[in-house]
*Asks:* 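This is the structure I want to talk about, given as structure tokens.
Just so you know, ligand 1 is whichever comes first in the structure, and atom 1 is the first atom listed for that ligand. This chain uses plain numbering: 1 for the first residue, then up along the sequence. Heavy atoms only: backbone and side chains are in, while hydrogens, waters and symmetry mates are out.
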Amino acid sequence: MQTIYYDLRDTKGQQKEIEEKISAAAKILREGGLVAIPTETVYGLGANGLDAKAVRRIFEAKGRPQDNPLILHVTGPQWLPRYCRDIPPMAYVLARKFWPGPLTMILKRRDVVPDETTAGLDTVGVRCPNHPVTLAIIREAGVPIAAPSANTSGRPSCTTAQSVMEDMSDKIEGVVDGGPCAVGVESTILDLTCDPPRLLRPGGLPVEALEQLIGPIAVDKAVTGVLPEGEKPRAPGMKYRHYAPKAPVTVVTGAPEASAREIQRRVGPGSGVICFDEYAGLFSEQVVHSLGPSADKQIQAQRVFDALRTFDGSPVTEIYAQCPDSRGLGLAVGNRLKKAAGFHIIEADSLRIILGITGCTGAGKTSALEAIRDLGGTIIDCDAVYHEMLDENQELRNAINASFPGVFGADGRLDRKKLGQEVFAKKDRLARLNGIVFRFLIPEIERRVENTGDGLYAIDAINLLESGLDRLCDRTIAVTAPVELRVRRIMARDNITEQYARLRISAQRPDEYYRSKCDCELGNSLESPEEFREEARKFFVRLLETIKEEKRHGAR
Ligand code: TXA
Ligand code: MG
């Protein structure tokens, strides 16, 4: 099928020619064809919303899952009673104020609307788009136009007719070019069949504007995160991975300076970056698409889909994106970026937070540290630092050698086993060794912490409390677990006998010691390390919130 391109970018041109093109598009729609139409939000892929057969073709052209309903586009509130019933007065209040515009209302549907359009739901989404060309087409077609965004399912939405041609050419009868979309993100979807009304999708109309008119609105869970397995979203479309470029996306939230620096720390030469204009200069080795000035969310909304789409043309292996705060249009822009990232989000902050993690062997320290890494934290592994220093720091080597002669071999390397034997079960010798190690290690860790920027850090040290490194920490956390569980874990992990596992545990301090000395405890009685890692992640998210609150208010 050859797709006809109708250029209607300049509606001030030849009146007759414009009217002819509008009539041609309306005729195709009336006769069951598909035409992509411009709206102020994104381009829509239109069909007669009352014609089940035509609507089915939309799903085919987009490759859209069958259970994802479509929005009916109408010319004004006077059309509402034709397709909806039990319409609350609030719907008219909203329509009078915000239509034509980026607001979709979910209302009870009438039977004239086919199941194909609503995906079998007893509700229907209705909106009046703010674009003169499309309003003229709908008026002339005389039917409500069902129109999802005109992209291939799963790809970023289209904000220009060129993007539509990329995805849809030869699959549909026509594309009407009405210029680039002024808003750039899809409509805000508000469910009016419940009380209070519920935001199903943040969009081109900020929630604040809605709340000012009608009072508090509930925000659906699917707006801010991934729904738990098995839970059904109220807007079926919110469950799909969406807007996604081919390379994986990571969103970095936080103050713009902090998120830019965080991204800078993470990128390599093959990375792509979506950033605010002010920070583009930091990424000279990366493929950059700028989102607009950090203070101008309207421009960010206009550019967000294009930025995501354009990466598919360049060979980037990963994409990092800065994210605006969630006020005003920022909620919609951030939501599109986060959905593109499958809600893979790193929180950068202009604060430095240092956590000290300690506890016995087998308690789950490693999983806890992985959870901190999942949150974008950097781990300072004291054991690794100690080993680096053993290779490089002559003073430390001399000090050890003076107290434990013969532990350095002829090749100059420390014989760890020998040193271990020297101090095993000998309290005074162990104390002497620790005294030496801590004297060198602490200033080194302090230096590393001081030289880093803002962000989240975790100090991983068995001897966190004994060494005095706990002084550097905003919070110390004891990871604890029942002895029997620890025995089983270290037997499996280190492939040792039960007897030896018990010996190792009894050589260490008990949980009670860590519990009493640390600021907080992260208990681990879960069998699966993955489950514990997830539980730990939630624990740290809450803890970080508390610490940030304190820091902002100067407590502690
Ligand atoms: O700005 C827009 O709304 C654009 C332009 C073309 O108007 N359209 C658009 O349509 O974004 P689409 O199909 O890409 O997204 C519609 C969203 C989907 O998430 C769908 O699940 C939800 O609206 N939706 C549609 N009808 C619904 C209903 N009855 N109940 C709940 N959610 C509904
Ligand atoms: Mg869509």
*Asks:* Around Asp170, counting heavy atoms of other residues, nucleotides and ligands shown, do more than 12 lie under 6.0 Å from its CG?
*Replies:*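 Counting other residues, nucleotides and ligands, CG of Asp170 exceeds 12 neighbours.
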
*Asks:* In this structure, are over 12 heavy atoms from other groups packed under 6.0 Å from Gln264 atom CD?
*Replies:*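 It does: Gln264 CD has more than 12 such atoms within range.
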
*Asks:* If the contact criterion is a heavy-atom separation under 4.0 Å, does Arg109 count as touching ligand 1?
*Replies:*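 No, that is not the case, since the closest heavy atom of the residue is not under 4.0 Å from the ligand.
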
*Asks:* Is there at least one pair of N or O atoms, one from His73 and one from ligand 1, spaced under 3.5 Å apart?
*Replies:*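 Between His73 and ligand 1, an N or O pair is found under 3.5 Å apart.
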
*Asks:* Under 4.0 Å between a Lys/Arg side-chain N and an Asp/Glu carboxylate O for Asp374 and Arg537?
*Replies:*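 No, no charged N to carboxylate O under 4.0 Å.
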
*Asks:* Is Pro236 close enough to touch ligand 1? Criterion: a residue heavy atom under 4.0 Å from a ligand atom.
*Replies:*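 A heavy atom of Pro236 does come that close to ligand 1.
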
*Asks:* Can you name the one residue among Ser294, Ser290, Ser259 that meets side chain to side chain donor-acceptor pair (under 3.5 Å) with Gln322?
*Replies:*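 Single side chain to side chain donor-acceptor pair (under 3.5 Å) partner of Gln322 among Ser294, Ser290, Ser259: Ser259.
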
*Asks:* Any salt bridge linking Glu60 with Arg56? Criterion: basic side-chain nitrogen under 4.0 Å from a carboxylate oxygen.
*Replies:*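 Looking at Arg56 together with Glu60, the answer is no, because their closest N to O distance does not fall below 4.0 Å.
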
*Asks:* Counting only nitrogen or oxygen atoms and a 3.5 angstrom limit, does Ser149 reach ligand 1?
*Replies:*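 Between Ser149 and ligand 1, an N or O pair is found under 3.5 Å apart.
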
*Asks:* Measure the distances from the heavy atoms of Thr118 to every atom of ligand 1 and state whether one is below 4.0 angstrom.
*Replies:*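 Thr118: no contact with ligand 1 (<4.0 Å).
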
*Asks:* Checking Ser23 against Glu140: is there a side-chain donor and acceptor pair closer than 3.5 Å?
*Replies:*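 Yes, a side-chain donor-acceptor pair sits under 3.5 Å.
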
*Asks:* With a 4.0 Å cut-off on N to O distance, would you call Asp67 and Lys232 a salt bridge?
*Replies:*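 Lys232 and Asp67: not salt-bridged.
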
*Asks:* Just to confirm my output: which protein heavy-atom neighbour is closest to atom 5 (C) of ligand 1, and how far is it?
*Replies:*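 Ranked first by proximity to atom 5 (C) of ligand 1 is Thr41 OG1, 3.6 Å.
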
*Asks:* Backbone, side chain, both or neither: what part of Thr123 comes under 4.0 angstrom of ligand 1, heavy atoms only?
*Replies:*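 Both the backbone and the side chain of Thr123 come within reach of ligand 1.
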
*Asks:* My understanding is that we take every heavy atom of each candidate and find the minimum distance to atom 18 (C) of ligand 1. Doing that for Ile106, Asn68, Val113, which one comes out nearest?
*Replies:*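 The residue whose heavy atom sits nearest atom 18 (C) of ligand 1 is Asn68.
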
*Asks:* Taking non-hydrogen atoms only, is Asp191 closer than 4.0 angstrom to ligand 1 via side chain, backbone, both or neither?
*Replies:*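 Looking at Asp191 and ligand 1, no heavy atom falls under 4.0 Å.
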
*Asks:* Starting from atom 23 (O) of ligand 1, what is the nearest protein heavy atom, named by residue and atom, and what distance separates them?
*Replies:*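 Of every protein heavy atom, Ile189 CD1, 3.0 Å lies nearest to atom 23 (O) of ligand 1.
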
*Asks:* Check ligand 1 against Arg127 and write out every atom of the ligand that is under 4.0 Å from a heavy-atom position of the residue.
*Replies:*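 Close to Arg127: 1 (O), 2 (C), 3 (O), 5 (C), 7 (O).
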
*Asks:* With the threshold set at 4.0 Å, does a side-chain nitrogen-carboxylate oxygen contact exist between Arg127 and Glu40?
*Replies:*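 Counted as a salt bridge, because a side-chain N and a carboxylate O are separated by less than 4.0 Å.
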
*Asks:* Judged by modelled atom types alone, do Ser271 and Glu318 share a side-chain donor-acceptor pair under 3.5 Å?
*Replies:*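 Looking only at side-chain atoms, Glu318 and Ser271 do form a donor-acceptor pair, the distance falling under 3.5 Å.
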
*Asks:* Above 12 or not: heavy atoms from other molecules or residues under 6.0 Å from CZ of Arg85?
*Replies:*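 Correct, the count exceeds 12.
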
*Asks:* Look at atom 31 (C) of ligand 1 and say which protein heavy atom is nearest, naming residue and atom and giving the distance to 0.1 Å.
*Replies:*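 Ranked first by proximity to atom 31 (C) of ligand 1 is Arg234 O, 3.2 Å.
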
*Asks:* For ligand 1, which atoms have a heavy atom of Leu121 less than 4.0 angstrom away?
*Replies:*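 What qualifies from ligand 1 is 28 (C), 29 (N), 30 (N).
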
*Asks:* Do Arg201 and Ser187 get their side chains close enough for a donor-acceptor pair, meaning under 3.5 Å?
*Replies:*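 Yes - a donor-acceptor pair under 3.5 Å links their side chains.
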
*Asks:* Nearest to atom 2 (C) of ligand 1 by heavy atom, Cys158, Ala119, Ser187: which?
*Replies:*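 Heavy atom nearest to atom 2 (C) of ligand 1 belongs to Ser187.
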
*Asks:* Using a 4.0 Å cutoff against the non-hydrogen atoms of Gly44, which atoms of ligand 1 qualify?
*Replies:*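 Numbered from 1, ligand 1 contributes 6 (C).
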
*Asks:* Could you tell me if Ser157 and Arg336 have a donor-acceptor pair between their side chains, going purely by distance under 3.5 Å?
*Replies:*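 No - no donor-acceptor pair under 3.5 Å links their side chains.
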
*Asks:* Is any NZ, NE, NH1 or NH2 atom of the basic residue among Arg109 and Asp115 found under 4.0 Å from an Asp or Glu carboxylate oxygen of the other?
*Replies:*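 Salt bridge flag = yes for Asp115 with Arg109.
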
*Asks:* Show which atoms of ligand 1 fall inside a sub-4.0 Å distance from at least one heavy-atom site of Ala235.
*Replies:*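 Here the atoms of ligand 1 in question are 21 (O), 31 (C), 32 (N).
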
*Asks:* Which residue supplies the protein heavy atom nearest to atom 19 (O) of ligand 1, what is that atom called, and how far is it?
*Replies:*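 Of every protein heavy atom, Gly237 CA, 3.3 Å lies nearest to atom 19 (O) of ligand 1.
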
*Asks:* Does this structure show an ion pair linking Glu257 with Arg261, if we count only N-O contacts that are shorter than 4.0 Å?
*Replies:*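 Result for this pair is no, no salt bridge flagged.
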
*Asks:* Relative to atom 15 (O) of ligand 1, which among Arg198, Met105, Arg201 owns the nearest non-hydrogen atom?
*Replies:*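 Looking at heavy atoms only, the winner is Arg201.
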
*Asks:* Minimum distance, heavy atoms only, to atom 8 (N) of ligand 1: which one of Ser153, Ala150, Ala147 is it?
*Replies:*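 When every heavy atom of Ser153, Ala150, Ala147 is considered, Ala147 comes closest to atom 8 (N) of ligand 1.
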
*Asks:* Please state which protein non-hydrogen atom is closest to atom 13 (O) of ligand 1 and give its distance, to 0.1 Å?
*Replies:*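 Going atom by atom, the protein heavy atom closest to atom 13 (O) of ligand 1 ends up being Arg64 NH2, 2.8 Å.
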
*Asks:* Based purely on interatomic distance, does Tyr43 place a nitrogen or oxygen under 3.5 Å from a nitrogen or oxygen of ligand 1?
*Replies:*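 Min N/O separation from ligand 1 is not below 3.5 Å for Tyr43.
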
*Asks:* Checking only N/O/S atoms, does Ser149 have one that is under 2.8 Å from the Mg ion (ligand 2)?
*Replies:*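 It does: Ser149 brings an N, O or S atom closer than 2.8 Å to the Mg ion (ligand 2).
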
*Asks:* For ligand 1, does Leu70 get within less than 4.0 Å through its side chain, its backbone, both, or neither, judged by non-hydrogen atoms?
*Replies:*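 Contact part for Leu70 vs ligand 1: backbone (N, CA, C, O).
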
